[in-house]
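What you see is a predicted model; the values in this text were computed from it and never measured. Worth knowing before you read on, the calculation uses all heavy atoms, side chains too, and leaves out hydrogens, waters and symmetry mates. Note that ligands are numbered from 1 as they come in the structure, with each ligand's atoms numbered from 1 the same way. The chain is numbered in sequence order, starting from 1.
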Amino acid sequence: MTQTARPTPDTLRRTDFPAGFTFGVATSSYQIEGAANEDGRGPSIWDTFCAQPGRIADGSDGSVACDHYHRWEADLDLIASLGVDAYRFSVAWPRVQPSGSGPMNAAGLDFYERLTDGLLARNVQPHVTLYHWDLPQPLQDAGGWANRDTAYLFAEYGAAVAARLGDRVRSYATLNEPWCSSILSYEIGHHAPGLRDRRLALAAAHGLLLGHALALPEVRRHAPGAQAGIVLNLGPQVSASDRPEDVAAARLADGRLNRWFLDPLLRGEYPRDVWEACGPDVPDVREGDLDLIAAPLDFLGVNYYSRGVVGASGGGVPAGAPVTDMGWEIYPLGLTDLLTRLRADYPKLPPVVITENGAAFADERSGGQVHDPQRVAYLQTHLMALLDALDAGVDVRGYFAWSLMDNFEWAFGYGKRFGLVYVDYPTQERTLKDSARWYRQFLR
Ligand code: IFM
């Protein structure tokens, strides 16, 4: 057997990955679309949240964002020019069904159909996420994801989208990062709707998983040729020391972030240790819920950015470790560790797609150029880490860089730039950063 030489970050090429491996870029609706009040779109929880003083670091909102709703054709040309196989975007529920229940908005569905067909015309596979956090406000007024009715309404909305776009879409993810749309949003209060109530957060997390479970068969019914799955934000939670109290804290952090979502989906049960730690706040899990939630997936989407180093007295980044502009440790080995752990711990793990990976840095444009060597290195080292996981036998089918372009980074506003493409917000001019040029070269 011939041994192929291991690539270095500089020699890394798409041909180092298996044939048929999908490379793409990703975005989400509220972060790029703008046009918040156009063509019948209804208000979302993020419109409401942004309007509350003090919620968003720079006081901004997504009402204009990257103006993608109007610039979509040029943006699709930009995507195609990178040479990617696929583009992952999300559908805004309030654009398609303004009240979250009742009539669909034809203009909203038309927009996503144009996007889908525009991608196919450019030979780029559309990968759709049905929910990336922009819940119609009327549903929040009725309790949001903590109200079980939302899960059933989500399935109806998902059915309408899949019925319209069908198999033209290669892959449907029901949810993006349900930890964020439950714990970060209902318990930590950092995201819309900005609540601080652990009981509601756990009810919302269960409601989201139920919504996923109810939407999945609808997607399969209307798009039988597409892949259907869910996207989780995952990361190793390692102990700050060997002290038993630190080890226990890291185990619980892992349970809250990772196992609370992985175990119901891939084992049909909530992790017992976390359940017990939640005491009276545990969700109302009804007969049959977990069987539905554990239905087989075509893929598990994994969003990986960093790891957590956890101790009994809190977490933090190890002294001297490199960090991104978000303050997140740059730790590529965590991606290999995470993927090999998923394979070891979950016999029912479906094929994995890295649906997001990337980094924010304080980029500046000068002379029409944006030099972002840290992002180039981030992408290279994480792709190398992914190769290590593939070598270890983990079945990974794709990789999407977050993000196509700079966009609205939620509670951080426009101050954090994750894009491969720089956006000058006053003019909406797009400029390829060096990282976009590197990715294009890597894919060529
Ligand atoms: O911008 C977000 C995205 O919406 C979800 N995953 C993490 C990204 C960076 O914070």
Using a cut-off of under 3.5 Å, which N/O atoms of ligand 1 pair up with protein N/O atoms, and what distance separates each pair?
from	atom 1	to	atom 2	distance (Å)
ligand 1	1 (O)	Gln31	NE2	3.0
ligand 1	1 (O)	Trp402	NE1	3.3
ligand 1	1 (O)	Glu409	OE1	2.6
ligand 1	4 (O)	Gln31	OE1	2.7
ligand 1	4 (O)	His132	NE2	2.8
ligand 1	4 (O)	Trp410	NE1	2.8
ligand 1	6 (N)	Glu177	OE1	3.2
ligand 1	6 (N)	Glu177	OE2	2.8
ligand 1	6 (N)	Glu356	OE1	2.5
ligand 1	10 (O)	Glu409	OE2	2.5

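At a threshold of 4.0 Å, the pair Arg365-Glu429 counts as salt-bridged, since one of the basic side-chain nitrogens sits closer than that to a carboxylate oxygen.
With no hydrogens or angles considered, a side-chain donor-acceptor pair links Asn176 and Asn303 at under 3.5 Å. Side chain to side chain, Asp372 and Ser435 meet the donor-acceptor criterion of an N or O pair below 3.5 Å. Counting only N and O atoms by type, the side chains of Thr116 and Arg168 include no donor and acceptor under 3.5 Å apart. For the residue pair Ser90 / Ser29, a side-chain donor-acceptor distance below 3.5 Å is found, with atom types taken as modelled.
Checked against a 6.0 Å centroid threshold, the rings of Tyr378 and Phe361 do not count as neighbours.
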